[in-house]
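For reference, the structure is listed below as structure tokens.
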There are 4 protein chains.
Amino acid sequence: MPKLGMEPIRKAALVKATILEIGRLRSLDVTVTQIAKRAGMSSALAHHYFGSKDEIFLAAMRHILTIYAAEVRGALMISKTARGRLEAILRMSFSARNFYGESIGAWLNFYVLAQTAPKAARLLAVYQRRLNSNLVHALRPLASDRATAIALTLGALIDGVYLREALAPKAPDGDAAVTMILNYLDLELGRTSAPMISPSNSFGAPL
Amino acid sequence: MPKLGMEPIRKAALVKATILEIGRLRSLDVTVTQIAKRAGMSSALAHHYFGSKDEIFLAAMRHILTIYAAEVRGALMISKTARGRLEAILRMSFSARNFYGESIGAWLNFYVLAQTAPKAARLLAVYQRRLNSNLVHALRPLASDRATAIALTLGALIDGVYLREALAPKAPDGDAAVTMILNYLDLELGRTSAPMISPSNSFGAPL
Amino acid sequence: MPKLGMEPIRKAALVKATILEIGRLRSLDVTVTQIAKRAGMSSALAHHYFGSKDEIFLAAMRHILTIYAAEVRGALMISKTARGRLEAILRMSFSARNFYGESIGAWLNFYVLAQTAPKAARLLAVYQRRLNSNLVHALRPLASDRATAIALTLGALIDGVYLREALAPKAPDGDAAVTMILNYLDLELGRTSAPMISPSNSFGAPL
Amino acid sequence: MPKLGMEPIRKAALVKATILEIGRLRSLDVTVTQIAKRAGMSSALAHHYFGSKDEIFLAAMRHILTIYAAEVRGALMISKTARGRLEAILRMSFSARNFYGESIGAWLNFYVLAQTAPKAARLLAVYQRRLNSNLVHALRPLASDRATAIALTLGALIDGVYLREALAPKAPDGDAAVTMILNYLDLELGRTSAPMISPSNSFGAPL
DNA sequence: AATGAATGAGGATTCATTCAT
DNA sequence: GATGAATGAATCCTCATTCAT
């Protein structure tokens, strides 16, 4: 009955299950047994493939980041104008991370993980730098001298909006998020911005 | 050593120790024993005074939020102009929460706690609403029709910048944070903003 | 403020509280703190007066047994006929132990205590022997040669009925209990017994 | 050592160990660790199989009651006469419960457990009702109108005698117990009973 | 390849008991 | 006389991890 080439299948199932469980419980307090059960195998097998719980978490985080990066890259290729590229990055930031539905809940918890696990922190840093440079590149033609500063603000804004989406009891609204951030962007670029529709039931308070 | 009136002293020590330990470990995985030891007592005594670990966490969170709210309130009283009030809120958001040094590390973890613990979520919601109304009130005279929308963006920006401060390996720089957000504010209010100095070693990537 | 002669008052309050709490919880898992609180004092004071939890339990048990014995003795003095004395013993067995209301619940638990604590066992044995001799004495004039055997059965019957009363969810019914046992007694003594009224909702199953 | 199909073996070992330990200590204050150690495994494994201490207790109680019921049922099948059936029930009540030797000590403690734990109480009630109906059925042909009343007294007598056996320091004497109860039964049924031999060292005192 | 079996280490919580005031 | 303060020792329970099959 032993099948060949099960390793990638099992690993993928575990990664997916990890994201789902963390998202569902909205906490890193997920047991290996829970993850394995959801992935349809024993916890012993999970250890067999990953060696430790930390490695499972790391793989799950890596997976989320990889997909995110891939989607941003894809969107950038299509967009031809500078502003189109910026919009693409924004849009991906609020859609790509939902590929599993619950992954929005997993994201914040990976941030927490990055606080403690150096490997996770390094992983995060790589992607953060890469995406920052994406923003700067896209901004350069539009606001050469202020590109860095605007990129910084844009990044913070994305994080902040995303954080609120992750914590709000209501269903996430990606479009509203993008509209809000584009409003800021256009302000910086000197365009007249379309009046923003403020979503109801949103907290406007600081973190 | 037993004296009278130790309860408030012990409780305060435990709250302080909780914030310090969460900040130090950058994780909610802090044991009662660790907290109690840092507070200079046995874990049994910690339970005696708080009843459960959850209550200890809650008390610590309540403490941070109370101090934060108090400082904002204080700053608002002094400021006479609308813009001064906005600036005060921003400034407090990046200074008050550091009163213990490590409290910046505890903050994000309390956010995680709020995802799971209803009591913590309620606590957070109260403060978020209160501060959002502060922002809206201050904005009303300056941009009556867009006050709500701007408050929303400001709130997200504060959260985002704070999140990055909490996660960055470098020492937090409150002034730079405030400057960045004021730049956005002045843009919205139609003023010319002073060119912002971009802090080094900052990630500009989305969450 | 220190009052004189508090010792007997405090001790009595603790004994009473112990019986009430054991009866209320229907278990020996009563904490000294619970007992002390119900007795209106600190647990430290309870220890001061009794030295240990075991001693508190013992004192409570001693108290119940003392009252029981006293009531039986009193009833025996009044009754002039042999059968009257037997009936008195029975009646006391189902009324005296209720002096506190909840004491019926404490009784079974003291039996359990007697299984473990030698002092408690000795206490119990003394009273059991004394009361057995009461039964035998009362029976001697009525059934000289079978007095011992009948006393044995009577004792077991009393215990059994009492046990069921203690465990039944319904309110204890002392009269029915006495009637049932008198029925047996009269059978042994050759009298015609009055038809017994069978209480509803009673289990007739063995222990 | 790990083999397949250990679960029933481990569970049985734990149930047996529970009865032995409760019997040995004559108290419900048995730790899971003690039980597990006597069953030859870690306390973690005990929890793995039963989930909680309560479930372990319940399983042990269920086991005793199941065996008891089975033995009574078996004995009833063999007996052809009504009186034979009654005698069988009595005899089983004083032998079946000794299958493990110490189980007699566990029995009383399960009664205490039933005072507090609803599940245990329900368990007990089921068996009590079932056995009461056994008694009534067997009595009907012999004393139709008084069957219920006699069953009640018989039940109480069984409980009482059993309780004394459980508490007495001497070795339990099942034959004497049965003889004593049969004496009552024959009295009720109008037979002449053989003179009973009174066991030495027995308390004839009420509970 | 896969898993049931098994456990050591640790964590929250409780409680009898002691002590200084 | 009285108590708040304080703790060590236990207890139940969980979980990542290992191992034999």
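Residue numbering restarts at 1 for every chain, and letters A, B, ... go by the order of the sequence lines.
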Checklist entry - So, the side chain of D:Gln34 versus the backbone of D:Thr31: is there a donor-acceptor pair under 3.5 Å, distance only? => result yes

Smallest heavy-atom separation, C:Thr116 atom then D:Leu25 atom, equals OG1-O, 4.0 Å

Exercise. Should B:Tyr49 be listed as having a side-chain N or O under 4.0 Å from OP1 or OP2 of F:dG4?
Worked result: no

Partner of D:Leu65 under side-chain contact (heavy atoms from CB on, under 4.5 Å), picked from D:Met61, D:His63, D:Arg62, is D:Met61

Scanning both residues in full, the closest heavy-atom pair of A:Ala121 with A:Ala114 reads CB-O, 3.3 Å

Separation of F:dA16 atom P from A:Leu14 atom CG, nearest Å, is 13 Å

Open item on the list: Taking atom NZ as the centre, does C:Lys119 end up with more than 12 heavy-atom neighbours from other residues, nucleotides or ligands that are less than 6.0 angstrom away?
Closed with: no

Of all heavy-atom pairs linking B:Val15 and B:Ala60, the shortest is CG1-CA, 3.9 Å

Taken to the nearest whole Å, CG/B:Leu4 to P/F:dA2 is 16 Å

Encoded 5' to 3' (Watson-Crick or G-U under 3.5 Å; [ ] crossing; | other strand), DNA chain F becomes .||||||||||||||||||||

Here the distance between atom P of F:dA2 and atom CD of C:Glu7, to the nearest Å, is 10 Å

Nearest heavy-atom approach of C:Met41 to C:Ala13 is CE-CB, 4.3 Å

In whole angstroms, the gap separating C1' of E:dA12 from CG of B:Leu28 amounts to 16 Å

Kindly say whether D:Val30 contributes a backbone atom to a donor-acceptor pair with the side chain of D:Lys53 at under 3.5 angstrom? yes

D:Glu55 atom CD is separated from F:dC13 atom P, nearest whole Å, by 10 Å

Next on the checklist: Other residues, nucleotides and ligands only: do more than 12 of their heavy atoms fall within 6.0 Å of NZ on D:Lys11?
Outcome noted: yes

Contact string for nucleotides 7-12 of chain F, one letter per nucleotide 5' to 3', B = base within protein heavy-atom range under 4.0 Å, S = sugar-phosphate only, - = neither, reads BB--SS

In whole angstroms, the gap separating P of F:dT14 from CG of A:Leu25 amounts to 15 Å

Here the distance between atom P of E:dA20 and atom CE of B:Met6, to the nearest Å, is 15 Å

Whole-Å distance, A:Phe50 CZ to F:dA16 C1', equals 16 Å

